[in-house]
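Comments concern the structure below.
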Amino acid sequence: LVLGLPVPLLRDEAVARPVLESLRARLVREHQFQVNGRPFSFAVSAVRAAAQPVGAWADWALDSEGRWAHRAAQTALVAVLDVGFNTLDLYGIRGGRLEPRLVGGDKVGVRRLLDLAAPGEPYHEADERVRAGKVPDSALATWLSEVVGTAERVWNGARLDLLLVVGGGAVLLRERADAFRQAFRTEVVIPNDPIAANARGLWKWGQTVRW
């Protein structure tokens, strides 16, 4: 089992080690559960940790059997733009390893768009408005500008080979990918299911690990 953990946690070994040991103690065993009354079970024999954004990279770089899916995947400098509810997380990855100088982000996730689209409105109502496509063009333009601006500050001067846009907010950016192409002069890929990209990629990454 490969777990995606936050980058700051993995950077501090003194903190990461006891967390991983605790997770191993809980997870390495046989798990039994039911779905719609039907019994299922699976066994976890080992646990490894990887930086969460490596999952998005691996989803693009590897096929379902853990083999390289792209000729340039081992050497390409891939930027991952992960748009969550509260935050925008930015990473640079080459060959499955983080480039520390290209890691950053800000609190300009989807919540920021909801604040712009419906100031003072409860988030569940504002979210329904966004999902229905009833968002003022001005709010979308401002939010997109903030997202692109944050990415430009973090990746300033980097020659990116590819930009992956993932996370729940990626769905809202699919029709606005040209803004990223123009800003970074590189190919932009938004997976068909960007919300599950990290989980899918970590599963693929697990196929390559020597347990």
Side-chain angles (χ1 to χ4, degrees), residues 4-10 50-61 77-93 98-119 121-156 158 160-203 205:
L5 298 180
V7 173
L9 174 62
L10 289 177
Q52 190 171 357
V54 170
W57 169 84
D59 186 42
W60 165 80
L77 178 56
V78 178
V80 176
L81 187 149
D82 192 340
V83 193
F85 182 73
N86 288 304
T87 63
L88 169 69
D89 297 314
L90 305 167
Y91 308 94
I93 300 175
L98 287 173
E99 296 279 341
R101 66 186 181 87
L102 301 179
V103 175
D106 204 348
K107 293 182 179 180
V108 289
V110 176
R111 182 174 182 172
R112 171 60 176 157
L113 173 60
L114 300 183
D115 288 335
L116 291 167
E121 194 170 291
Y123 285 122
H124 71 279
E125 295 180 8
D127 182 64
E128 291 178 2
R129 184 192 300 271
V130 170
R131 291 176 184 273
K134 299 177 180 179
V135 181
D137 290 340
S138 59
L140 277 171
T142 298
W143 181 59
L144 179 61
S145 176
E146 292 179 357
V147 170
V148 173
T150 301
E152 286 180 320
R153 289 193 295 274
V154 174
W155 296 329
N156 181 36
L160 305 176
D161 295 304
L162 178 72
L163 171 57
L164 296 174
V165 183
V166 299
V171 176
L172 300 170
L173 296 171
R174 190 179 298 280
E175 297 181 0
R176 298 164 183 84
D178 281 346
F180 298 101
R181 294 188 183 97
Q182 294 171 6
F184 299 102
R185 305 295 180 184
T186 191
E187 180 183 0
V188 177
V189 172
I190 302 178
N192 290 333
D193 184 2
I195 298 173
N198 283 333
R200 236 183 0 252
L202 289 172
W203 178 80
W205 189 245

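All figures in this text were calculated on a predicted structure; none of them were measured in a lab.
Under the side chain to side chain contact (heavy atoms under 4.5 Å, CB included) criterion, Gln52 pairs with Asn198, sequence neighbours left out. Residues satisfying the salt bridge (Lys or Arg N to Asp or Glu O under 4.0 Å) test with Arg174, not counting sequence neighbours, are none.
Counted within 6.0 Å of CD on Glu175, heavy atoms from surrounding residues, nucleotides or ligands total 12 or fewer; the atom is thus considered open. Residue Asp178 places its CG atom among more than 12 non-hydrogen atoms of other residues, nucleotides or ligands, all under 6.0 Å distant.
Interatomic distance, CZ of Arg131 versus CD of Glu128, reported as 9.0 Å (0.5 Å rounding). Asp59 contributes atom CG, which lies 8.5 Å from atom CG of Leu164 (distance to the nearest 0.5 angstrom). Atom CG of residue Leu81 and atom CD1 of residue Ile190 lie 9.0 Å apart, to the nearest 0.5 angstrom. Here Glu125 contributes atom CD and Asp127 contributes atom CG; the two are 11.0 Å apart, rounded to the nearest 0.5 Å.
Here the shortest heavy-atom pairing between Pro194 and Val171 reads CG-CG2, 4.0 Å. Here the closest non-hydrogen pair linking Val189 and Glu187 is CG2-OE2, 3.7 Å. The two atoms that bring Glu121 and Ala126 nearest to each other are OE2-N, 3.3 Å, heavy atoms only. The two atoms that bring Ala183 and Val148 nearest to each other are CB-CG1, 3.8 Å, heavy atoms only. Here the shortest heavy-atom pairing between Gly168 and Ile195 reads CA-CG1, 3.7 Å. Heavy atoms only, all atoms of each residue included: Leu98 and Ala51 are closest at CD1-CB, 3.9 Å.
Between Thr186 and Trp155 there is no side-chain heavy-atom pair separated by less than 4.5 Å. Contact annotation: the side chain of Leu172 approaches that of Trp143 to within less than 4.5 Å [non-hydrogen atoms, C-beta and beyond]. Residues Ile93 and Pro53 meet the side-chain proximity criterion, which asks for heavy atoms closer than 4.5 Å.
Looking only at distances, a side-chain donor or acceptor of Asp161 sits under 3.5 Å from a matching main-chain atom of Leu77. Distance alone, capped at 3.5 Å, places no donor-acceptor pair between the Ser145 side chain and the Ala141 backbone.
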Legend entry - CA sep, side-chain torsions, deciding dist, call: Val83, Leu88, side-chain contact (heavy atoms from CB on, under 4.5 Å): CA-CA 5 Å; Val83 193; Leu88 169 69; 3.9 Å; yes
Inset, instruction - Under the side-chain contact (heavy atoms from CB on, under 4.5 Å) rule, what do Leu140 and Leu113 come out as? Steps first, then yes or no, please. - result: CA-CA 7 Å; Leu140 277 171; Leu113 173 60; 4.0 Å; yes
Legend entry - Criterion side-chain contact (heavy atoms from CB on, under 4.5 Å) on Trp57 and Val166, from CA distance to verdict: CA-CA 10 Å; Trp57 169 84; Val166 299; over 6 Å; no
Inset, instruction - Begin with the C-alpha distance, continue with both residues' side-chain angles, and end with the deciding distance and a verdict on side-chain contact (heavy atoms from CB on, under 4.5 Å) for Asp115 and Tyr123. - result: CA-CA 8 Å; Asp115 288 335; Tyr123 285 122; 3.0 Å; yes
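No option in Arg112, Arg111, Lys107 other than Arg111 meets the side-chain contact (heavy atoms from CB on, under 4.5 Å) test with Asn86.
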